Q: 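I have a structure I would like to understand better, so I am pasting it below and will then ask my questions one at a time.
Bear in mind the structure is a predicted one, so any value in this text is a computation, not a measurement.
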Amino acid sequence: MKNLEIAAIFGDMSDLLEIQGANPFRVRAYRNARSSLESMTDTVEEIAKRGKLEDIQGIGKDLAGKIVEYIESGKIQAFEDLKKELPVGLVEILGIPTVGPRTARLIFDHFGVGSIADLEKLAKGGKLLTLQGIKEKTVQNILRGIEICKRRDGTFLLGRALPIAGEVIAALAEVAGQIACAGSLRRMKETVHDVDILVASGNADQVMKAFRDSPLAGRVLVSGPTKTSLLVTDGLQVDLRVVEPDSWGAALMYFTGSKEHNIRLRERAIRRGLKLNEYGLFDEAGKVLASKTEEDIYAALELEWIPPTLREDRGEVGASARSGGLPDLVEVGDIRGDLHMHTTWSDGALSTADMIEAARARGYQYIAITDHSKSLGVAGGLSDEDVLEHIDEIRKLDKKQKGIRVLAGTEVDIRKDGTLDYADEILGRLDFVVASVHSNLRQDRKTMTGRVIRAMQNPHVRVIGHPTGRLLGDRDSYDLDFDAVMAEAARTRTCLEVNAHYYRLDINDVLCRKAREAGVKVIVSTDAHNADDLRNLEYGVATAQRGWLEKEHVLNTRPVGEMLAYKAS
DNA sequence: GCCGTTTTCGGCCCGACTGTTTTCAGTCG
């Protein structure tokens with residue numbers, strides 16, 4: 001995807017320009033452009049063809065020219081020139097916590113260092129101490145930063161970090177007045193760098209002490225009167241901030257971000273002659289106009305309250321200024337059925353009966369049992385005979401249920417040529433068919449796209465499971481032309497899954513929004529292999545929210561009859 | 001380098017914490 005390639009180049013350019021000491025606003029322009037390109041749903045190639053690149057937020061004449069240059073020649077000369085002056089390895093050095101552009105530049109100018117490994121040797125050899133302004137403490141911080149870089153590899157999965165945040169909140173509940181999770185975790189980003197916890201209390205010292213003394217706490221990184229950062233399990237960094245109860249709303253907004261969303265709000269405040277910071281919204285005389293709740297502050301800026309999952313500066317501020325402009329987001333409680341789960345018939349941990357019971361306990365009106373198909377040997381895929389036998393079992397169990405409908409389903413493999421792993425005769429006997437790619441993952445774009453499209457053309461296939469196949473931090477997406485996939489999904493009334501497992505979250509937020517725009521419905525399912533996995537639904541719903549999806553865009557918010565009628569097979 | 005409810009030039013978000021400093025620069029979020 002050229003969007004992401006160009007975004008990465010703009011990101012590297014912004015870092016190198018910053019190290020070079022360029023105009024900070026120019027640096028920011030490149031960063032803004034990167035962020036725009038990363039969250040776009042259309043490809044730059046198409047937009048360029050239409051001559052509309054300058055319509056993209058943060059792209060002006062100059063950057064539009066650079067995008068065209070990259071599309072046509074595969075490189076950007078300005079970036080090549082920059083790399084001649086500064087090694088691109090400085091970008092990774094800038095990624096070390098505590099090392100900013102000035103330090104990176106200082107070190108490079110004296111030692112010509114161009115990688116983290118080289119920097120680590122210098123630091124350990126005591127060479128950095130010869131530099132003006134660097135003493136032992138700074139060296140130790142750089143080395144610690146390098147360690148953090150190596151260990152955390154930058155990110156933690158949402159589904160790992162959120163439970164830890166819950167434990168911290170529970171541990172501090174007694175000493176905290178109000179307490180909440182903020183930051184990217186509150187926005188439910190798929191991966192987070194750290195956990196932000198916000199507390200309102202008139203006695204900050206007591207809260208900070210309780211935090212430092214809690215059994216979860218590992219090494220303390222910084223600790224002042226309003227902020228303490230420390231490391232917990234697995235090197236996850238938790239930042240705790242304490243604010244006065246009167247500025248709770250302003251602080252919660254500020255620390256929830258995103259940074260870009262906050263900047264948008266501050267600009268709006270400035271245009272009104274106001275100032276917004278973490279303490280409140282102030283007029284020119286310094287008088288507080290709003291601070292206690294987020295709703296108050298948004299209202300004082302003539303905005304509707306914006307749900308945290310939308311706060312990414314993807315048009316939400318503008319939408320919130322118009323009455324009814326914000327989406328009425330789908331919620332966990334709207335989901336009536338989970339349509340992707342496994343049992344001991346293939347690679348699940350529970351029997352069919354136990355899985356049904358676990359799902360019923362969550363209050364669903366319907367579920368689909370969808371074990372793997374025959375060619376997925378590693379996951380115990382069911383033979384033709386087995387799947388027929390399993391259908392019988394599910395039908396018998398369904399008859400015994402009250403209040404929950406159990407659909408006989410399958411997660412059928414999409415074979416490498418786009419045909420399915422069961423004959424239509426078998427698929428026709430099932431109530432619900434999920435079709436997924438599990439093999440030959442490295443096909444080229446055209447082949448893979450054709451393969452998925454062919455599967456969608458089968459009238460029995462209601463949804464494509466984990467459509468991109470990515471595994472967060474471990475495996476990239478298949479190479480798919482999503483414009484073509486979405487168009488065919490809309491035409492055939494085939495849904496795309498939002499696989500809710502926090503290791504997948506597939507499709508992601510950006511593709512959810514694209515699906516909405518393309519008129520494609522999604523189905524949020526857990527792909528549960530045990531009872532605990534069923535709880536992952538909240539991550540999938542949050543991803544749908546981040547993609548601006550409303551109840552009507554999510555098929556499994558509908559009653560079972562209506563859901564099944566959507567693609568009549 | 002972008003962008004327009006003050007606009008096509010002159011702005012561009014704001015404060016806390018740390019370390020190396022005697023009043024502030026750098027980094028971070």
Q: With the threshold set at under 4.0 Å for non-hydrogen atoms, list the residues of residues 278-290 of chain A touching DNA chain B in residue-number order.
A: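 DNA chain B contact set from residues 278-290 of chain A: Glu278(A), Tyr279(A).
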
Q: Can you sort out the partners of Tyr502(A) under side chain to side chain contact (heavy atoms under 4.5 Å, CB included), two or more places apart, ordered by chain and number?
A: Leu157(A), Arg160(A), Asn536(A), Tyr539(A)

Q: Using the P atom as the reference point in each nucleotide, state the distance between dC28(B) and dT23(B) in Å, no decimals.
A: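 About 26 Å, rounded to a whole number of Å.
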
Q: Please tabulate, for side-chain N and O atoms in residues 83-101 of chain A, each donor-acceptor pair with protein atoms closer than 3.5 Å (sequence neighbours left out).
A:
unit_1	atom_1	unit_2	atom_2	d
Glu85(A)	OE1	Gln20(A)	NE2	2.6
Glu92(A)	OE2	Ile116(A)	N	2.9

Q: In this structure, which one of Arg264(A), Arg31(A), Lys259(A), Arg268(A) forms a salt bridge (charged side-chain N to carboxylate O under 4.0 Å, His left out) with Asp313(A)?
A: Arg264(A)

Q: Nearest to the side chain of Arg241(A), which nucleotide is it out of dC12(B), dG29(B), dG1(B)?
A: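 Within the option list, the nearest is dG29(B).
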
Q: With DNA chain B as reference, determine whether Arg28(A) or Ser223(A) sits nearer its 5' end, using the nearest nucleotide of each.
A: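 The 5'-side residue here is Arg28(A).
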
Q: How far, in whole Å, is dC14(B) from dT20(B) if one measures between their C1' atoms?
A: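 Pairwise C1' distance, dT20(B) against dC14(B), rounds to 24 Å.
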
Q: How would you label the contact of Leu131(A) with the nucleic acid (heavy atoms, under 4.0 Å): base, sugar-phosphate, or nothing?
A: nothing

Q: Can you check whether Val195(A) reaches Val168(A) side chain to side chain, under 4.5 Å on heavy atoms?
A: no

Q: When you measure from the side chain of Asp194(A), which nucleotide among dC12(B), dG29(B), dC17(B) comes out closest?
A: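 That would be dG29(B).
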
Q: Sequence neighbours left out, what passes side chain to side chain donor-acceptor pair (under 3.5 Å) with Asn141(A)? Give chain and number order.
A: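 Partners of Asn141(A) by the side chain to side chain donor-acceptor pair (under 3.5 Å) criterion, ordered by chain and then number, come out as Arg144(A).
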
Q: Using atom names, set out every protein N or O paired with an N or O of nucleotides 19-23 of chain B below 3.5 Å, distance rounded to 0.1 Å.
A:
unit_1	atom_1	unit_2	atom_2	d
dG19(B)	OP1	Asn141(A)	ND2	3.3
dG19(B)	O3'	Thr138(A)	OG1	3.0
dT20(B)	OP1	Lys135(A)	N	3.0
dT20(B)	OP1	Lys135(A)	O	3.4
dT20(B)	OP1	Thr138(A)	N	3.4
dT20(B)	OP1	Thr138(A)	OG1	2.8

Q: Find the distance Glu54(A):CD to dC2(B):P and express it as a whole number of Å.
A: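 These atoms are roughly 8 Å apart.
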
Q: For nucleotides dT21(B) and dC17(B), find the distance between their C1' atoms and express it as a whole number of Å.
A: 15 Å

Q: With respect to the phosphate group of dT18(B), does any side-chain polar atom (N or O) of Thr98(A) fall under 4.0 Å of OP1 or OP2?
A: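 Checking dT18(B) against Thr98(A), no side-chain N or O comes under 4.0 Å of OP1 or OP2.
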
Q: For Leu276(A), report the nucleic acid contact type (base, sugar-phosphate, nothing); a contact means any heavy atom under 4.0 Å.
A: sugar-phosphate

Q: If each of Pro225(A) and Val99(A) is mapped to the nucleotide of DNA chain B with the nearest heavy atom, which maps nearer the 5' terminus, i.e. the 5' end?
A: Pro225(A)

Q: Can you name the salt bridge (Lys or Arg N to Asp or Glu O under 4.0 Å) partners of Arg272(A), sequence neighbours left out?
A: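 Glu302(A).
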
Q: Quick one: Arg264(A) CZ to dT5(B) P, roughly how many Å, whole number?
A: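 It is 12 Å, rounded to the nearest whole Å.
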
Q: Of the residues in residues 58-77 of chain A, which ones touch DNA chain B at a heavy-atom distance under 4.0 Å?
A: Gly58(A), Ile59(A), Gly60(A), Lys61(A), Asp62(A), Leu63(A), Lys66(A)

Q: With both distances under 3.5 angstrom, what nucleotide forms a Watson-Crick or G-U wobble pair with dT8(B)?
A: none

Q: Whole angstroms only, please: what is the CG-C1' distance between Asn32(A) and dG1(B)?
A: 10 Å

Q: Whole Å only: how far is the CZ atom of Arg31(A) from the P atom of dG29(B)?
A: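 From Arg31(A) CZ to dG29(B) P: 13 Å.
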
Q: Does the side chain of Thr226(A) come within less than 4.5 Å of Arg241(A)'s, by heavy atoms?
A: no

Q: Looking at residues at least two apart in the chain, or sitting in another chain, which of them share a side chain to side chain contact (heavy atoms under 4.5 Å, CB included) with Ala487(A)?
A: none

Q: Kindly say whether, by distance alone, the side chain of Tyr254(A) makes a donor-acceptor pair under 3.5 Å with the base of dG29(B)?
A: yes

Q: Identify all side-chain donor-acceptor contacts of residues 64-75 of chain A below 3.5 Å with residues at least two apart in sequence or on another chain.
A:
unit_1	atom_1	unit_2	atom_2	d
Lys66(A)	NZ	Asp62(A)	OD1	2.6
Lys66(A)	NZ	Asp62(A)	OD2	3.4
Glu69(A)	OE2	Gln77(A)	N	2.7
Tyr70(A)	OH	Glu5(A)	OE1	2.8
Ser73(A)	OG	Glu69(A)	O	2.7
Ser73(A)	OG	Lys75(A)	N	3.3
Ser73(A)	OG	Lys75(A)	O	3.1

Q: Counting just side-chain N and O atoms, does Lys275(A) come under 4.0 Å of either OP1 or OP2 of dG15(B)?
A: yes

Q: Check the distance between dC2(B)'s P and Ile56(A)'s CD1 and give it to me in whole angstrom.
A: 12 Å

Q: Using atom CZ of Phe255(A) as one end and atom C1' of dG15(B) as the other, report the distance to the nearest whole Å.
A: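 Nearest whole value for this atom pair: 9 Å.
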
Q: Remember a base hit wins even if backbone is also touched, and classify Lys259(A) as base, sugar-phosphate or nothing at under 4.0 Å, heavy atoms.
A: base

Q: So if I take every side-chain heavy atom of Arg271(A) and compare against dG1(B), dG29(B), dT5(B), which nucleotide ends up nearest?
A: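 For Arg271(A), the side-chain atoms sit closest to dT5(B).
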
Q: Please measure how far the P atom in dC3(B) lies from the corresponding atom in dT8(B), and state the result in whole Å.
A: 16 Å

Q: Any chance the side chains of Ser14(A) and Arg34(A) put a donor and an acceptor closer than 3.5 Å?
A: no

Q: Rounded to whole Å, please give me the gap between CD in Gln237(A) and P in dC17(B).
A: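 Result: 15 Å.
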
Q: With Ile270(A), which residues qualify under side chain to side chain contact (heavy atoms under 4.5 Å, CB included), at least two apart?
A: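 Ile270(A) satisfies side chain to side chain contact (heavy atoms under 4.5 Å, CB included) with no other residue.
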
Q: Do any N or O atoms of the protein come closer than 3.5 Å to N or O atoms of nucleotides 8-11 of chain B, and which pairs are they?
A:
none

Q: Residues two or more places apart in sequence or in another chain: which of them pass side chain to side chain contact (heavy atoms under 4.5 Å, CB included) with Ser184(A)?
A: Arg187(A), Lys189(A), Val192(A)

Q: In whole angstrom, give the distance that lies between atom CD of Gln20(A) and atom P of dG1(B).
A: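 Interatomic distance, CD of Gln20(A) to P of dG1(B): 11 Å.
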
Q: Please check if the side chain of Asp483(A) supplies one atom and the backbone of Met486(A) the other of a donor-acceptor pair under 3.5 Å.
A: no

Q: Quick one: are Lys61(A) and Glu54(A) in side-chain contact, heavy atoms under 4.5 Å?
A: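 When only atoms from C-beta onward are counted, Glu54(A) and Lys61(A) do touch, with a gap below 4.5 Å.
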
Q: Using atom P in both nucleotides, what's the gap between dT5(B) and dC12(B) to the nearest angstrom?
A: 15 Å

Q: Ion pair present between Glu550(A) and Arg516(A), side-chain N to carboxylate O less than 4.0 angstrom?
A: yes

Q: What integer number of Å spans the P atoms of dT22(B) and dG26(B)?
A: 13 Å

Q: Is it true that Arg314(A) and Asp509(A) make a salt bridge, defined as a side-chain N closer than 4.0 Å to a carboxylate O?
A: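 Answer for the salt bridge query: yes.
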
